[in-house]
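These notes concern the structure reproduced below.
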Amino acid sequence: EQRAMAADTLSVIVRDMRDFEQALKLNQEVIAWDIQRGAKFDLATSRFIRGSILRDMRDHQGALAELEAAQQLSTQLHDVMGVAYNKLLMCMSHIELGHIAVARDLCETAHQTFVEEEASEPETFVLESLALIDVKQGKPAIAMQRLNRVLEKDGAKLAPRRMARVYEI
């Protein structure tokens with residue numbers, strides 16, 4: 001139990017250090033522990049983290065498989081925020097894969113949930129993704145409106161790398 005708990009924390013830290021292979025190994029230990037305990041909520045979170053790691057590795061197909069598994073668990077558990085976070089990352093991967101219509105549907109659904117739940121930080125990530133979709137679909141004015149909302153909602157709190165991403169779009 002102690003080892004799995006340490007692996008859970010370390011997998012995120014190691015991912016942030018860009019050691020993705022080690023992060024995946026640690027995360028797999030956590031997933032095995034979650035399955036062994038029958039901890040569905042924790043398993044949904046662990047699969048979400050695994051999907052996030054795979055996204056960072058630019059393995060979008062692998063990420064989508066993990067995120068879909070996490071979403072199924074979140075749906076069974078009636079975890080609307082978990083479902084929305086999964087849809088957000090799936091949207092981002094579909095953008096990278098060029099599946100723009102699928103990405104828009106996922107992001108719009110996630111956006112609706114984040115607005116209803118008054119979750120402003122994840123809402124800004126969705127707005128960034130929707131703005132990128134708008135640009136790719138030749139709608140720069142709509143993209144600019146979305147990005148202005150990101151800056152007005154959370155602009156002072158945006159990390160420099162997020163601010164750079166907003167300006168790149």
Can you give each donor-acceptor pair under 3.5 Å made by side-chain atoms of residues 5-16, sequence neighbours left out, with the distance rounded to 0.1 Å?
| residue | atom | partner | partner atom | Å |
| --- | --- | --- | --- | --- |
| S11 | OG | A7 | O | 3.4 |
| S11 | OG | D8 | O | 2.9 |
| R15 | NH1 | S52 | OG | 2.9 |

- Query: Is there a side-chain contact between F125 and F114, using heavy atoms and a 4.5 Å cut-off?
  - Reply: no

- Item | Minimal non-hydrogen separation, S74 against A44, with atom names | OG-CB, 3.8 Å

- Message: Please tell me whether M92 and L130 are part of a single hydrophobic cluster in this structure, the criterion being side-chain heavy atoms less than 4.5 Å apart.
- Response: yes

- R18 versus D56, closest heavy-atom pair with distance: NH2-O, 4.2 Å

- Heavy-atom check, side chain of L43 versus side chain of I35, under 4.5 Å: yes

- Hey, is R146 close enough to E128 for a salt bridge, meaning N to O under 4.0 Å? no

- Name all residues meeting the salt bridge (charged side-chain N to carboxylate O under 4.0 Å, His left out) criterion together with E96; count only those two or more places apart in sequence or in a different chain, and write none if there are none. R58

- Considering non-hydrogen atoms only, spot the tightest contact between N86 and F48 and give its length. OD1-CD1, 3.2 Å

- Item | Heavy-atom closest contact (V30 atom, A4 atom, distance) | CG2-O, 3.6 Å

- Message: A side-chain contact here means heavy atoms from C-beta on lying under 4.5 Å apart; do I53 and I49 qualify?
- Response: yes

- Spell out, yes or no, whether L89 and L132 are grouped together once hydrophobic residues are joined by side-chain heavy atoms under 4.5 Å, including indirect joins. yes

- Task: Verify whether one side chain among Q112 and E108 offers a donor that lies under 3.5 Å from an acceptor in the other.
- Result: no

- Can you sort out the partners of D34 under side chain to side chain donor-acceptor pair (under 3.5 Å), two or more places apart, ordered by chain and number? R37, S46

- Closest approach of L88 to S129 (non-hydrogen atoms, all atoms of both residues): CD1-OG, 4.3 Å

- Task: Can you establish whether the number of heavy atoms outside E118 located under 6.0 Å from its atom CD is more than 12?
- Result: no

- 4.5 Å side-chain heavy-atom contact, I95 and K136: yes

- Please determine, by modelled atom types, if Q137 and R104 share a side-chain donor-acceptor pair under 3.5 angstrom. yes

